[in-house]
Amino acid sequence: MSAHKSEFIQSVVERGYLHQCTDLEKFDARASEKSISAYIGFDCTASSLHAGSLVPIMLLRLLQKTGHKPFVLMGGGTTKVGDPSGKNDARKLLDDEAISANMAGIKQVFEKFLTFGDGPTDAIMVNNDDWLSGLEYISFLRDYGKHFSVNRMLTFDSVKLRLERDQPLSFLEFNYMILQAYDFMELARRMDCAAQMGGSDQWGNIVNGVDLTRRVLSKEVFGLTTPLLTTSSGAKMGKTADGAVWLNEDMLSPYDYWQFWRNTEDADVGRFLRLFTELPLDEITRLEALEGAEINDAKKVLADTATALCHGEVASTAARQTAETTFEQGGLGDKLPTFDVERARLDEGIPAFQLFREVELASSGGEARRLIKGGGAKVNDVALPSEVHVVTTNDLNSDGVIKLSAGKKRHALVNVI
RNA sequence: GGAGGGGUGUCCGAGUGGCUAAAGGAGACGGGUUGUAAACCCGUUGGCGUACGCCUACGUUGGUUCGAAUCCAACUCCCUCCA
């Protein structure tokens, strides 16, 4: 029943990773004959990747799991240029220092999802700065520039959309696709890389690389893109209340990460389970068929497995337990953010709005006041009557702490010292 | 180099001398409904203060005026067209 010969492509298709491929049949055939290698590039624009990058990461993981070799290309060089794809404005240019700091943060993410090493299917991380920075302008133009037609470059979305909307596109950015194409060719030459994968917005860049490799090396390589993920209600993946859903623990706690998946929209559960977990497909089919309140069980499975992949089993279980005690039993999970307050201050009493600001449930006194006025602020699950209400040692509960809540989902504990 | 247009709150975007902490929208936060979902409805949305209030804010600096986001000058950054 398997429509594709290779395990890799078969999984890519049935789990929903495929958007476009330059030649799916040939790619499939190649992957079924032997172990291939493929790469995905990541720019170093932030010190961590967020959930929006998770599809490509999972795709690399799948590649490795099915017996092939993944390359992670860090865009140390291309980040200096800035990818115009999908952007209205040129982004701020980062300096070398910022780029290498970002790269260090991003590396940590990959170490969780891929196995690196020297073995045949071990992942390898490369940095395109290694070959891009040393390029010489004239010889580069003569050797590679002749393969690019400006007429054609103008037809690619990344460029075309900017021009159509009369938005500026600098020559620097215009060169981005050439450099990315060069990356692909360079990897094909050095490491026999057979394919480049990426988000659908990378299609133009990838196709350029496939063409360049064919022209320069007379080698056939492949391009494959993943669908750009949005939630069913149209929001971009990876963005949420407090900003991006970061994959690094120091930027987003495992508990919050777990919560992100737990709060998946109903309509997305099946799709997300296929993309972001490695559960067998028949199990996923069963889970996504759940209806009404039962679908919450599927969301918990999603949260558990996705968090375990990113932060490990231990953190995932802890996050789940905290969530369960907090939401289902109204209790206190030990993973809730906890803040220490001196006993003396509490004896005197602390105005509620000030306390809420201190435990970071509100970013300013005004915000805390509004929260309290709106009835969203609770002390030990009891709504506060007024913003000047004073919290004292009398509010300590039987566990010796005070539970503060902003709305139903955000909680913090006050610990007396 | 020349000509023109523009820089407003998280973002987009109104606003051409007092009624402007600044319309509208988006986003965000809170409440309601529910299932820690979506959709929908309501409220809030510069900072500080219990409150009368005070402070900071419309690219930067200075000026005109009783009074300026609004007028003037210089500077700066961005965009468009021409060369």
Side-chain angles (χ1 to χ4, degrees), chain A residues 87-93 162-173 230-245 255-273 287-288 290-304 307 319-333 335-336 349-379 381-391 404-412:
Chain A
K87 296 181 188 63
N88 292 336
D89 305 297
R91 58 189 169 205
K92 287 183 195 100
L93 293 175
R162 284 270 190 100
L163 296 181
E164 277 173 0
R165 289 189 222 141
D166 286 336
Q167 283 159 341
L169 176 78
S170 71
F171 183 65
L172 176 74
E173 295 173 283
T230 55
T231 68
S232 291
S233 47
K236 251 191 190 165
M237 263 300 278
K239 301 284 179 187
T240 181
D242 312 307
V245 181
Y255 172 72
D256 288 327
Y257 189 76
W258 193 92
Q259 283 296 325
F260 168 71
W261 294 107
R262 173 63 183 78
N263 286 316
T264 299
E265 292 174 29
D266 287 8
D268 293 325
V269 172
R271 197 158 53 108
F272 285 6
L273 280 167
L287 286 170
E288 74 179 325
L290 295 173
E291 285 186 14
E294 288 195 341
I295 193 119
N296 283 329
D297 291 334
K299 293 184 189 180
K300 283 185 202 169
V301 173
L302 172 64
D304 282 348
T307 306
R320 179 186 189 139
Q321 280 164 357
T322 297
E324 279 179 354
T325 35
T326 310
F327 285 101
E328 293 172 24
Q329 295 149 33
L332 309 170
K335 283 290 165 186
L336 292 177
I350 303 174
F353 75 90
Q354 200 173 325
L355 195 58
F356 270 80
R357 188 178 48 187
E358 279 184 37
V359 301
E360 296 169 15
L361 288 175
S363 60
S364 69
E367 190 180 319
R369 281 162 206 281
R370 272 178 245 129
L371 184 70
I372 297 168
K373 278 186 195 160
K378 294 183 193 126
V379 171
D381 300 313
V382 178
L384 281 170
S386 86
E387 61 261 46
V388 289
H389 181 84
V390 174
V391 178
L404 301 179
S405 312
K408 291 172 190 158
K409 296 187 190 172
R410 293 152 58 222
H411 309 278

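Residue numbers begin at 1 in each chain, while the letters A, B, ... track the order of the sequences.
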With rounding to whole Å, what would you report as the distance between [N] and [M] at their [atom1] atoms?
N: B:C54; M: B:G59; atom1: C1'; value: 27 Å
N: B:U60; M: B:C78; atom1: C1'; value: 15 Å
N: B:G13; M: B:A26; atom1: C1'; value: 10 Å
N: B:G9; M: B:G24; atom1: C1'; value: 14 Å
N: B:A68; M: B:A57; atom1: C1'; value: 14 Å

Heavy atoms from C-beta onward define the side chain here; which of [options] lies closest to that of [X]?
X: A:Ala323; options: B:G30, B:U36, B:A37; answer: B:U36
X: A:Arg369; options: B:G30, B:G49, B:A37; answer: B:G49
X: A:Asp266; options: B:A37, B:U50, B:G47; answer: B:A37
X: A:Trp258; options: B:C29, B:U36, B:C48; answer: B:U36

Discussion item. Quick one, A:Val379 and A:His389 - any side-chain contact, counting heavy atoms below 4.5 Å?
Written reply: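 No, every pair of side-chain atoms sits at 4.5 Å or beyond.
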Item to complete: Please examine the side chains of A:Lys373 and A:Arg370, heavy atoms only from C-beta on, and report whether any two atoms are closer than 4.5 Å.
Response: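 A:Arg370 vs A:Lys373: side chains apart.
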Fill in: base_contact_polar (B:U34 base, A:Lys408 side chain, donor-acceptor, <3.5 Å)
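Flag set: donor-acceptor pair detected.
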Worksheet item: Less than 3.5 Å between a donor and an acceptor, one on the side chain of A:Gln259 and one on the base of B:U36, is that the case here?
Response: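 When only heavy-atom distances are counted, A:Gln259 does reach the base of B:U36 through a donor-acceptor pair under 3.5 Å.
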Worksheet item: How would you label the contact of A:Ala377 with the nucleic acid (heavy atoms, under 4.0 Å): base, sugar-phosphate, or nothing?
Response: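 Nothing: the residue A:Ala377, judged by heavy atoms under 4.0 Å, touches no strand.
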Worksheet entry | Which residue lies more 5' along RNA chain B, comparing A:Gly407 with A:Asn263 via nearest heavy atoms |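 Its nearest nucleotide lies further toward 5', so the answer is A:Gly407.
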Item to complete: Could you grab the distance from atom NE2 of A:His411 to atom OG1 of A:Thr322, nearest 0.5 Å is fine?
Response: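 Those atoms lie 11.0 Å apart.
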Fill in: Length of the CZ-P vector between A:Arg370 and B:G43, whole Å
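After rounding, the reported distance stands at 16 Å.
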Discussion item. Name the residue from A:Asp266, A:Asp268, A:Asp304, A:Thr264 that meets the side-chain hydrogen bond (donor to acceptor under 3.5 Å, both in side chains) definition with A:Lys299.
Written reply: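 One option only clears the test, and that one is A:Asp266.
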